[in-house]
Amino acid sequence: MKLFGYRRTVNLLAATLVLTATGCSWYVSPGANHGAVNADNLVFPEQAGAWQKSGKIVDKNDIAKIKVGSSKDEIYQAIGTPHFKEGFNAREWDYMLKFYDANDNLETCQFKIIFDNNYEGRLHGGEFYATQLYWQPAFCAKYAS
């Protein structure tokens with residue numbers, strides 16, 4: 001019986017290492033684990049790493065609903081699931097969003113949302129709230145207004 005317990009422990013440790021090594025993380029940008037990221041330290045994921053490779057065309061009215069203080073549920077309902085390896089309990093979400101400009105050309109923008117700084121203890125009725133919103137390139141923020 002002791003051998004079975006040992007093997008089970010080894011298998012659990014191996015699974016944990018595999019998940020950690022495959023990029024299953026809750027934050028990428030330095031400071032995201034505290035809910036505040038210096039704009040100079042932002043890390044946007046490589047677009048090739050998105051599970052939705054082509055991004056998502058979104059309505060400007062939907063993206064305008066997302067503000068500092070929006071809950072994860074509100075964001076999810078407005079623009080859907082994050083486009084990279086984030087889980088629902090992640091401290092930052094990343095999206096590849098597409099908008100039509102004034103000339104009907106399609107523009108691709110990356111959108112990053114950082115969530116509250118006291119992740120473990122600041123539950124508001126079971127919700128986590130956006131504390132910072134970032135765009136790459138920065139001029140893409142015009143689509144949110």
Side-chain angles (χ1 to χ4, degrees), residues 5 7-145:
R7 283 187 182 160
R8 187 175 195 188
T9 301
V10 169
N11 287 338
L12 285 172
L13 286 172
T16 301
L17 288 172
V18 167
L19 287 174
T20 302
T22 58
C24 191
S25 65
W26 290 6
Y27 61 90
V28 177
S29 299
N33 57 329
H34 300 295
V37 176
N38 181 319
D40 295 333
N41 295 331
L42 278 177
V43 177
F44 281 91
E46 293 293 323
Q47 291 184 10
W51 64 265
Q52 192 167 352
K53 299 293 182 200
S54 61
K56 178 181 180 179
I57 298 173
V58 294
D59 186 272
K60 293 176 188 176
N61 293 325
D62 288 334
I63 201 71
K65 295 174 188 174
I66 300 171
K67 310 238 183 275
V68 168
S70 295
S71 72
K72 283 187 175 184
D73 283 336
E74 291 167 336
I75 295 165
Y76 179 81
Q77 296 208 6
I79 59 174
T81 58
H83 296 159
F84 294 85
K85 295 179 183 177
E86 301 96 329
F88 198 74
N89 290 322
R91 292 184 176 134
E92 63 185 274
W93 281 0
D94 290 281
Y95 292 86
M96 279 181 41
L97 303 177
K98 294 187 174 195
F99 301 93
Y100 286 100
D101 67 12
N103 298 320
D104 260 352
N105 296 315
L106 209 53
E107 199 148 24
T108 301
C109 303
Q110 283 189 270
F111 183 47
K112 178 181 287 292
I113 304 165
I114 307 292
F115 292 97
D116 52 49
N117 63 346
N118 234 347
Y119 181 82
E120 302 293 341
R122 200 166 117 197
L123 283 168
H124 304 283
E127 290 289 341
F128 295 97
Y129 293 89
T131 57
Q132 294 177 306
L133 309 173
Y134 293 101
W135 291 92
Q136 184 176 311
F139 69 79
C140 288
K142 67 185 175 187
Y143 296 113
S145 55

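Scope of the values below: all heavy atoms of this structure, side chains included, with no hydrogens, waters or symmetry mates.
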Donor-acceptor contact present, side-chain H83 to main-chain Q52, <3.5 Å = no

Would you tell me whether N103 and D101 have side-chain atoms, one donor and one acceptor, within less than 3.5 Å of each other?
-> no

Any idea which heavy atoms bring F84 and W51 closest together, and the distance?
-> O-CD1, 3.4 Å

Which value, rounded to the nearest 0.5 Å, describes the distance between I75 atom CD1 and D62 atom CG?
-> 12.5 Å

Exercise: identify the closest heavy-atom pair between E92 and V43 | OE1-O, 4.1 Å

Contact check, side chains of F111 and I63, non-hydrogen atoms, under 4.5 Å = yes

Salt bridge or not for E74 and K65, using N-O below 4.0 Å?
-> no

For C109 and F99 the tightest heavy-atom approach is SG-CD1, 4.0 Å

Modelled atom types, side-chain donor and acceptor of Y134 and Q132, under 3.5 Å | yes

Any salt bridge (charged side-chain N to carboxylate O under 4.0 Å, His left out) pairs touching residues 44-56, not counting sequence neighbours?
-> none

Minimal heavy-atom distance between I66 and L133, with the atoms involved, is O-CD1, 3.8 Å

Minimal non-hydrogen separation, K60 against Y100, with atom names | NZ-O, 3.6 Å

Quick one: are C140 and Q110 in side-chain contact, heavy atoms under 4.5 Å?
-> no

Could you pull out the closest heavy-atom pair between Y129 and G69, with the gap in Å?
-> CD2-O, 2.8 Å

Look only at the side chain of S70 and the backbone of A130, and say whether a donor-acceptor pair between them is shorter than 3.5 Å.
-> no

Which word best sums up how the rings of F115 and W93 line up, parallel for under 30°, tilted for 30 to 60°, or perpendicular for over 60°?
-> perpendicular

Do I114 and K112 touch side chain to side chain, with heavy atoms closer than 4.5 Å?
-> yes

Could you tell me the separation between the CG atom of D94 and the CD atom of Q47, rounded to the nearest 0.5 Å?
-> 11.0 Å

